[in-house]
Amino acid sequence: MKKNIIAMNASIMIGLGSILAAPSVYAESISDLEKQKESIQEKRSGVESNISETEKKIDNLQDKQMTAEDQIAAIESKIAESAKKIDAKNAEITQTKKEIEALKEEIKVLKERIAKRNEVLKERALSFQETGGDVNYLEVLFGSSSFGDLVDRVGAVATIAEADRDILKQHELDKKDLEEKQNAVETKLASLEVAKAELLEIQKQQKQQKQEKDALVKKLKQQTEKHEHEKMGLEEEKANLAAQEKAIKSAISLEHQRLAELEAARKKAAAEAKKRAEQEAAQAAAQAASQASETKKQSTSSGYSAKSNSSSSAPSASHSSSNVSSVPAVSSGTFTRPSAGYVSSTMGVRWNKQHAGIDIAASGTVPIVAAADGVVSRSYFSSSYGNVIFVTHSIGGQQWTTVYAHLNSRQASEGAVVAKGQQIGIMGNTGHSYGQHLHFELHKGAWNYSKSNAVNPLDYIPN
């Protein structure tokens, strides 16, 4: 019984047919499996290299992002510093405007003072005009009645002259002071306004720089997220390739076991045949003188025995599929239909994204079956696929991969050998799914993140 199961599993994995075929055929099949294993190993190496390159890109983007964020922090500090300077300039401008208002009051007083002096000077000018435009101080002096009167008159003349000079001098000083104060305040205010305008321009440039850096950080984050998504996909592909390599190794091991069992069966059959031949030869020699009818009877009995022994030495490769009454009929082609139901979505672009398989929808409890003989390379829960099973097939030296997604439950674990039409799960609505259906993918080769090996299942399974 154990030998029959080993032979059946090996036959399921590589689809070789009867175990009594020539050894060269089996050797060729193992060679094909070895080539497929090497191909998967090369792909894994390539995917690992891509993961390494993607990680470097992510690290580089994150370094740029950190640098940009540091620059943003520095710019924000400068913007805050500029704001403080602008506030200080605004305070100075406010204070200067207050000084201007105060100065206006001083200027008003000063103008009144100048106006009064102008009146005095006008009176003096009028007096000069009435006296001919000149004051004869000698007449004043010579008109003194005594020496004491002369001294008094000299003092009076000196005082009047000095007063005239003081009025003129103060008048000039006041006018000059007024002009200087006006110029100083106006210059200061203009300077503050220029400084404020410069600070506002600097702040504007800093804010522009910050906007550019913010845009850069946003772009870097988007690129980082994109590469991280790619990395997750590559890691998923790496895991699937590892599982497929394991499945191929299992197939090679099963095939070697099968060949060993076959060789042992052949040796046993050869030994039994030789023993029977010797026994028959001995019997023939001992009964050479017997009647012809008796010899014919011995020959017929010997032939029946050989046929019986030969038949018993061949392990049965038949198997029964579970739930036959509730699953689609197994077709004669390479692949059979994986479930009952109608095709609700075909392969192609859907929602601006490539739909790499077909959807088969049905209500109730719907069994899902393996589309061909193979080994389960993965059986797990995915955030996008939900409950999903990957099966690796080796058909005519070509590796195939089938994917059964959004299952309600999985009935085949990793490493399990499954037969064409054998139930492996129940249709469901798990993962990224909208309604109960089976998402079925067929890949000519290994599954990869870009799904570049995907082919249209409707070209291979019955509609």
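- You'll find the side chain of Lys444 reaches within 4.5 Å of the side chain of Trp400, heavy atoms only.
- Not one N or O on the side chain of Ser52 forms a donor-acceptor pair closer than 3.5 Å with the backbone of Glu48.
- Heavy-atom contacts from other residues, nucleotides or ligands closer than 6.0 Å to NZ of Lys451 number more than 12.
- Residues Thr94 and Lys98 meet the side-chain proximity criterion, which asks for heavy atoms closer than 4.5 Å.
- Note: Leu216 CG to Gln65 CD = 9.0 Å, rounded to the nearest 0.5 Å.
- When all heavy atoms of Ser339 and Ile360 are compared, the closest pair comes out as OG-CG2, 3.5 Å.
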Should Glu81 and Lys85 be marked as a salt bridge (charged side-chain N to carboxylate O under 4.0 Å, His left out) after you check the CA-CA gap, both sets of side-chain angles, and the distance that decides it? CA-CA 6 Å; Glu81 185 179 347; Lys85 289 181 180 179; 3.7 Å; yes
I would like to know whether Glu230 and His227 meet side-chain contact (heavy atoms from CB on, under 4.5 Å); could you show each step before the answer? CA-CA 5 Å; Glu230 289 176 356; His227 287 304; 3.3 Å; yes
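- Within the model, atoms CD of Glu186 and OG1 of Thr96 stand 12.5 Å from one another, a figure rounded to the nearest 0.5 Å.
- For Val366 against Ser363, the heavy-atom pair with the smallest separation is CG2-O, 3.5 Å.
- Across all their heavy atoms, Ala243 and Ser377 have their closest contact at CB-O, 2.7 Å.
- Panel note: side chain Asn387, backbone Leu407; a donor-acceptor pair is recorded below 3.5 Å.
- Under the 3.5 Å distance criterion, the side-chain polar atoms of Thr336 are left unmatched by any main-chain donor or acceptor of Gly421.
- Counting heavy atoms from C-beta on, the side chains of Tyr449 and Val47 never come closer than 4.5 Å.
- In this structure a side-chain-to-backbone donor-acceptor pair under 3.5 Å is present from Gln436 to Ala362.
- Inter-residue side-chain proximity for Ile461 and Ile358 is flagged as met; some heavy-atom pair is nearer than 4.5 Å.
- Of all the heavy atoms in Ser331 and Lys420, the pair that sits closest is O-NZ, 2.9 Å.
- With Ser379 as the partner, the side chain to side chain donor-acceptor pair (under 3.5 Å) test is satisfied by one option alone out of Gln411, Arg410, Glu414: Arg410.
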Do Lys210 and Asp214 pass the salt bridge (charged side-chain N to carboxylate O under 4.0 Å, His left out) test, and can you show the C-alpha distance, the side-chain angles, and the key distance before you say yes or no? CA-CA 6 Å; Lys210 183 179 181 298; Asp214 286 339; 2.9 Å; yes
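- Residues Asn183 and Thr187 have side chains that never bring a donor and an acceptor to within less than 3.5 angstrom of each other.
- Here the straight-line distance linking atom CD of Glu76 with atom CD1 of Ile79 works out to 6.5 Å at 0.5 Å rounding.
- Side chains of Tyr385 and Glu441 form a contact here, defined as non-hydrogen atoms less than 4.5 Å apart.
- Proximity of a side-chain donor or acceptor of Asn453 to a complementary backbone N or O of Ala446 within less than 3.5 Å is detected.
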So Leu220 and Gln223, side-chain contact (heavy atoms from CB on, under 4.5 Å) or not? Walk me through it. CA-CA 5 Å; Leu220 290 171; Gln223 290 177 344; 3.9 Å; yes
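- Using a 4.5 Å cut-off on side-chain heavy atoms (C-beta onward), Leu200 and Gln203 make contact.
- For the pair Ser77 (side chain) and Ala73 (backbone), a donor-acceptor distance under 3.5 Å is absent.
- Looking at heavy atoms from C-beta onward, Tyr460 lies out of side-chain contact with Thr334 at the 4.5 angstrom threshold.
- Relative ring orientation between His439 and His406 is described as tilted, the plane-to-plane angle lying within the 30° to 60° band.
- Although no hydrogens or angles enter the test, the distance criterion places no donor-acceptor pair under 3.5 Å between the side chain of Ser82 and the main chain of Ile86.
- Every side-chain hydrogen bond (donor to acceptor under 3.5 Å, both in side chains) that Gln71 has, sequence neighbours left out, goes to Lys213.
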Using side-chain contact (heavy atoms from CB on, under 4.5 Å), reason through Glu69 and Val217 one step at a time and then give a plain yes or no. CA-CA 7 Å; Glu69 288 173 347; Val217 168; 4.1 Å; yes
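- Listed by first then second residue, pairs satisfying ring pair (Phe, Tyr, Trp, His ring centres under 6.0 Å) with a partner in residues 411-436 read His432-Tyr434, not counting sequence neighbours.
- Once rounded to the nearest 0.5 Å, the distance linking CD1 of Ile58 with CD of Glu53 reads 11.5 Å.
- Judged by distance alone, the side chain of Thr401 and the main-chain N or O of His443 form no donor-acceptor pair under 3.5 Å.
- Here the side chain of Ser49 pairs no donor or acceptor atom with the backbone of Ser45 at under 3.5 angstrom.
- Here the closest non-hydrogen pair linking Ala412 and Val376 is CB-CG2, 3.9 Å.
- Each of Tyr404, Trp447, Phe440 was evaluated against Phe390; a single residue qualifies, Trp447, per the ring-ring contact (aromatic ring centres under 6.0 Å, His included) test.
- Rounding to the nearest 0.5 Å gives a distance of 9.0 Å between CD of Gln206 and CG of Leu199.
- Here Glu55 contributes atom CD and Asn60 contributes atom CG; the two are 13.5 Å apart, rounded to the nearest 0.5 Å.
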Could you please spell out the steps behind the side-chain contact (heavy atoms from CB on, under 4.5 Å) verdict for Arg378 and Val388? CA-CA 8 Å; Arg378 295 206 75 186; Val388 61; over 6 Å; no
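- For the pair Asp373 and His393, the tightest heavy-atom approach, listed with the atom from each and the gap, is O-ND1, 2.7 Å.
- Two residues are said to be in side-chain contact when any heavy atoms from C-beta on lie closer than 4.5 Å; Thr392 and Gln399 meet this criterion.
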